[in-house]
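One structure below.
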Amino acid sequence: MNMLSRLVRQILQATVYDVAIETPLEAAPRISQKLNNTIRFKREDLQPVFSFKLRGAYNRISQLPKSQLQRGVITASAGNHAQGVALSGKKLGIRAVIVMPKTTPDIKVQAVRQLGGEVILHGDSFDIANTFAIQKAEQEGLTFIPPYDDELVIAGQGTIANEILRQWRDVDYVFVAVGGGGLIAGVAAYLGEVAPHVKVIPVEYDESACLKAAFETQQRVVLPHVGLFADGTAVAQIGAKPFEVLQLMKSDRSGPIVEPNVVLVNTDEICAAIKDTFDENRSIVEPSGAMALAGIKKYVAQQGIRDKNIVSIICGANMNFDRLRYIAERTELGERREAIFAVTIPETKGAFLAFCRTLQGRNITEFNYRASASNEAHVFVGISLKFGEKERLEIFETLQAKYQVDDLSDDEVAKLHIRYLIGGHAKIANERLFRVEFPERPGALLTFLERLGPNHNISLFHYRNHGAAEGRVLVGLEATDAQQNPDGLIETLQSIDYPFEEISNNLGYLRFLK
């Protein structure tokens with residue numbers, strides 16, 4: 001029996017419904033009308049742990065021999081898999097140990113404990129926690145439960161595809177968010193054998209696109225850096241077994257069941273999809289839970305698809321409340337409902353009024369004005385859009401005819417930092433600007449400062465919490481040794497071991513702060 005046939009059998013024999021529910025496949029009329037296709041939401045956010053992860057975890061644990069069950073299970077997770085293992089352990093009356101990084105938000109730690117999980121906080125990253133969990137499993141005779149790289153886990157997730165076909169026979173596309181690959185492998189394996197006419201479209205966050213990298217190189221690769229905004233899919237390397245399944249499905253004899261061109265979505269597009277989901281059913285999903293819809297919106301627009309039946313798997317809703325502010329701010333940009341520009345205007349009487357008149361009465365969402373010493377003033381302006389990209393271009397051309405203008409709508413630094421820092425030009429000698437990712441834990445700033453040492457004066461610092469496991473920090477550093485040793489500052493930052501990027505030529509920085 002080949003691997004795909006074996007997986008289908010395991011899906012049909014899965015034990016998931018001891019704890020999981022058959023989730024509804026809900027109509028989404030608003031987004032369907034907007035996209036000219038029939039969209040339905042597979043509501044995995046309605047599971048007892050608000051995520052599909054319960055299916056795979058329970059299917060794997062419940063099929064362990066009694067001797068292994070009696071000793072207990074262990075896993076490493078900072079999110080949905082942890083809750084799935086904890087609830088599975090509670091259902092089966094066994095010990096369930098979950099190793100979580102120290103940076104895990106308290107809301108997730110408490111959720112696991114309330115489900116009966118034995119929480120161990122260890123390390124500052126998932127990789128460290130995972131290594132510790134595997135070692136502890138060997139030392140204490142516990143069974144390690146992988147989050148995605150296991151056939152029975154994949155089969156548990158594949159029960160979603162079985163439900164979709166029973167609920168809607170006329171499906172054309174299923175869009176799936178990809179992290180380690182367990183969900184898409186299970187869905188693709190089942191559909192490939194039972195309904196090969198259905199196309200499965202993988203969607204990845206553009207800062208953790210491990211499947212795209214694997215498809216391009218034809219082998220699993222480890223990403224050097226993973227963005228954590230969509231933390232439920234923040235995986236540096238696709239799982240070995242999921243990748244084996246997807247490679248088989250990508251080269252299916254009747255055409256690719258799994259689309260080899262992965263749809264990449266960015267932070268703003270995910271935020272816009274979170275709002276779309278809320279507008280549709282008044283539920284708030286986590287970033288990874290909105291990725292499939294973000295992918296649908298992008299794919300439909302790029303491919304010109306109309307009148308098709310499309311499923312968006314809402315894979316989770318474990319959202320930290322304090323992230324909502326950040327998501328709301330980014331949604332307008334993700335939907336192209338707001339454009340932001342940096343404009344230089346003359347510092348003369350009536351110039352400010354003339355500038356406002358140039359905007360022809362458009363709704364202004366944000367306005368920052370700062371006069372400079374060179375008879376010029378710098379304006380950072382946000383403008384509400386009714387007609388998307390076309391209107392944004394029209395505004396840019398209108399402003400360009402009269403002023404020096406830069407479009408900052410796609411500038412991550414402008415959206416995260418510059419808009420909150422509008423001031424004057426510091427004109428500090430040897431200042432260099434960096435984006436640094438701090439782990440969200442006590443002492444992270446102190447560690448940075450101590451390792452930075454006394455040779456580099458901080459000239460600018462901006463940080464804003466948006467509920468993720470890492471903090472995006474903008475740092476200006478005055479390197480006193482810049483002329484003698486230009487690389488000395490870089491070497492110092494590398495030794496701190498926080499991810500960083502130099503952005504000293506950023507347009508917003510040069511316009512408003514340099």
Side-chain angles (χ1 to χ4, degrees), residues 10-32 38-60 62 79-81 83-88 91 111 115 147-148 152-171 173-179 182-191 194-195 198 200-201 203 232-233 273-274 276-296 309-319:
Q10 290 172 333
I11 289 168
L12 293 173
Q13 295 175 342
T15 58
V16 300
Y17 300 108
D18 290 350
V19 290
I21 65 169
E22 178 173 320
T23 54
L25 188 63
E26 290 184 352
R30 291 171 63 104
I31 197 70
S32 295
T38 302
I39 314 295
R40 293 188 184 180
F41 291 161
K42 183 59 173 167
R43 295 291 306 276
E44 286 301 294
D45 56 307
L46 298 178
Q47 290 290 357
V49 296
F50 310 106
S51 161
F52 75 96
K53 286 285 191 177
L54 176 62
R55 295 175 184 260
Y58 187 81
N59 192 50
R60 177 70 174 85
S62 65
N80 298 334
H81 179 62
Q83 296 182 56
V85 171
L87 183 56
S88 298
K91 173 69 175 178
L115 290 169
Y148 47 81
L152 286 175
V153 171
I154 293 171
Q157 324 303 25
T159 57
I160 294 172
N162 176 274
E163 291 177 14
I164 288 172
L165 284 185
R166 285 191 284 104
Q167 293 166 326
W168 200 16
R169 298 297 299 178
D170 299 324
V171 179
Y173 294 87
V174 177
F175 282 72
V176 188
V178 178
L183 175 58
I184 193 171
V187 168
Y190 188 83
L191 293 177
V194 178
V198 180
V200 178
I201 312 295
V203 182
T233 50
I274 291 172
D276 287 326
T277 306
F278 177 80
D279 288 344
E280 196 72 66
N281 58 26
R282 298 301 184 266
S283 63
I284 299 175
V285 300
E286 64 185 84
S288 296
M291 279 172 51
L293 179 57
I296 290 172
N309 296 333
I310 303 174
V311 172
S312 171
I313 298 179
I314 299 179
C315 57
N318 284 299
M319 170 74 83

**Asked** Heavy atoms, side chains only, cut-off 4.5 Å: are Tyr58 and Thr15 in contact?
**Response** yes
**Request:** Report yes or no: does Ser32 contribute a side-chain atom to a donor-acceptor pair with the main-chain N or O of Ile39 at less than 3.5 Å?
**Result:** yes
**Prompt:** Side chain of Gln10, backbone of Leu152: donor and acceptor closer than 3.5 Å?
**Reply:** no
**Request:** Decide whether Gln47 and Lys53 meet the rule of one side-chain donor and one side-chain acceptor closer than 3.5 Å.
**Result:** no
**Item:** Check: Asn80 and Glu286 side chains under 4.5 Å, non-hydrogen atoms
**Value:** yes
**Prompt:** Taking the side chain as C-beta and beyond, is there a heavy-atom pair between Glu280 and Glu26 under 4.5 Å?
**Reply:** no
**Message:** In the structure I gave you, are the side-chain heavy atoms of Cys315 and Lys42 within less than 4.5 Å of one another anywhere?
**Reply:** no
**Item:** For Lys91 against Asp18, the heavy-atom pair lying closest together
**Value:** CE-O, 3.6 Å
**Request:** Using the six-membered ring of Phe278, assess whether NZ or CZ of Arg282 lies under 6.0 Å from its centre and within 45 degrees of the ring axis.
**Result:** yes
**Asked** Is there a donor-acceptor pair under 3.5 Å between the side chain of Asn318 and the backbone N or O of Val49?
**Response** yes
**Request:** Before giving the answer on side-chain contact (heavy atoms from CB on, under 4.5 Å), spell out for Val187 and Ile313 the whole-Å C-alpha distance, their side-chain angles and the decisive distance to 0.1 Å.
**Result:** CA-CA 10 Å; Val187 168; Ile313 298 179; 4.2 Å; yes
**Test item: Thr38 and Trp168 side chains (from C-beta on) under 4.5 Å apart, heavy atoms** = yes
**Asked** Judged by atom type as modelled, is there a donor-acceptor pair below 3.5 Å linking the side chain of Thr23 to the main-chain atoms of Leu46?
**Response** no
